[in-house]
Amino acid sequence: MGYRLLVVDDDVELVRMLKSYLEMKGYEILTAGDGVEALEMISRDPDLILLDINMPRMDGIEVCRKIRNETACPILFLTARVEEQDRVNGLLSGGDDYVMKPFSLRELEARIIAHLKREERQRFRVNSKYENGLWIDYAGKAVRFEGKEIELTHLEYEIVEFLSMHPGQVFDKERIYERICGYDAEGDSRVVTELVRRIRKKFSACVDAEMIETVWGNGYRWKK
């Protein structure tokens, strides 16, 4: 499965060019014409975001601030601004890199590849997690308590893995469902409620602390 990139820019021709070029390179491309549209696309769970700074309705800096708690993926600003304070503001808002306009497509692709590879290395470094007596073996896709495996179904484990790798971050049921079943999967996101209930029941038999917390009106998060 290829990487999914979100391109956000109010320059229609630039977006069209980037979409065509990056799809030719094997990426799945999502697009948004302004900051508000970008916020609506975050639920599609992109692997990397190319984000313009100067946009109508909401600029890229504000978009980055709003989405940084929703996604941990790399965010690369596309900008013609060159002032140092603009770069500082962008990085402090949660951005990972800058690509100055005008840019070459080859340089942009190289930056994209570098950030995606860095993300992959980070994932491979995280092989397991231990807390409150629970041992989550990401490589072996298993959860144990004091050496004894807790029997989880495939989807139950996928929820545990997804939430535990993003402790403290809130995800709504739709986002969790898309993550564990795929964006095009048929079904009802309300199944996540039942899966979380089952996970909690299995965990409660051995763990005193509630690992998956409900954030009313928003979704679920792994206790940080």
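The analysis underlying the following values was restricted to heavy atoms, covering all of them including side chains, and did not include hydrogens, waters or symmetry mates. What you see is a predicted model; the values in this text were computed from it and never measured.
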Side-chain donor or acceptor of K141 paired with backbone N/O of Y157 under 3.5 Å: no

May I ask you to decide if M58's main-chain N or O and E62's side chain share a donor-acceptor pair within less than 3.5 Å? no

Start with the C-alpha gap between R111 and E109, add the side-chain angles, then the distance that decides, and say whether salt bridge (charged side-chain N to carboxylate O under 4.0 Å, His left out) holds. CA-CA 5 Å; R111 297 280 190 94; E109 183 187 8; over 6 Å; no

Please tell me if the side chains of V160 and F203 come closer than 4.5 Å, counting only heavy atoms from C-beta onward. yes

Partners of F162 by ring-ring contact (aromatic ring centres under 6.0 Å, His included), sequence neighbours excluded? H166, F171

State, with a plain yes or no, whether a side-chain heavy atom of V215 is found less than 4.5 Å away from one of Y220. no

The remaining residues in the hydrophobic cluster of W216, counting side-chain heavy-atom contacts under 4.5 Å among Ile, Leu, Val, Met, Phe, Trp and Tyr, are none

Between CZ of R221 and CE of M211, what distance do you get to the nearest 0.5 Å? 12.5 Å

V15: side chain to side chain contact (heavy atoms under 4.5 Å, CB included) partners, not counting sequence neighbours: V7, D9, T31

In terms of side-chain geometry, is the basic nitrogen of K148 or E146 positioned less than 4.0 Å from the acidic oxygen of its partner? no

Less than 4.5 Å apart, side chain to side chain, heavy atoms only: is that true for T79 and K101? no

Members sharing W135's hydrophobic cluster, built from side-chain contacts under 4.5 Å between Ile, Leu, Val, Met, Phe, Trp and Tyr, are Y130

Under 4.0 Å between a side-chain nitrogen and a carboxylate oxygen: does that hold for D47 and R4? no

Pairwise distance SG(C73) to CD1(I67) - rounded to 0.5 angstrom: 6.5 Å

Nearest 0.5 Å please: distance from the CG atom of L76 over to the CG atom of D96. 7.0 Å

A side-chain contact here means heavy atoms from C-beta on lying under 4.5 Å apart; do I212 and W222 qualify? yes

Side chain to side chain, V143 and L134, heavy atoms closer than 4.5 Å: yes

Nearest-0.5 Å distance, OH of residue Y98 to CG of residue L51: 9.5 Å

Tell me every residue that passes side chain to side chain contact (heavy atoms under 4.5 Å, CB included) with S104, counting only those two or more places apart in sequence or in another chain. R106, E107

Test of understanding: with side chain to side chain contact (heavy atoms under 4.5 Å, CB included), list the residues that count as partners of D172, not counting sequence neighbours. E174, R175

Quick one: do the H115 and D97 side chains pair a donor with an acceptor below 3.5 Å? yes

dist L108:CG -> M100:CE (nearest 0.5 Å) comes out at 13.5 Å

Would you say I150 and C206 make side-chain contact, with heavy atoms under 4.5 Å? yes

Looking at K202 and E156, is any side-chain nitrogen of the basic one under 4.0 Å from a carboxylate oxygen of the acidic one? yes

Consider only side-chain N and O atoms of R144 and S128, and report whether a donor and an acceptor are under 3.5 Å apart. no

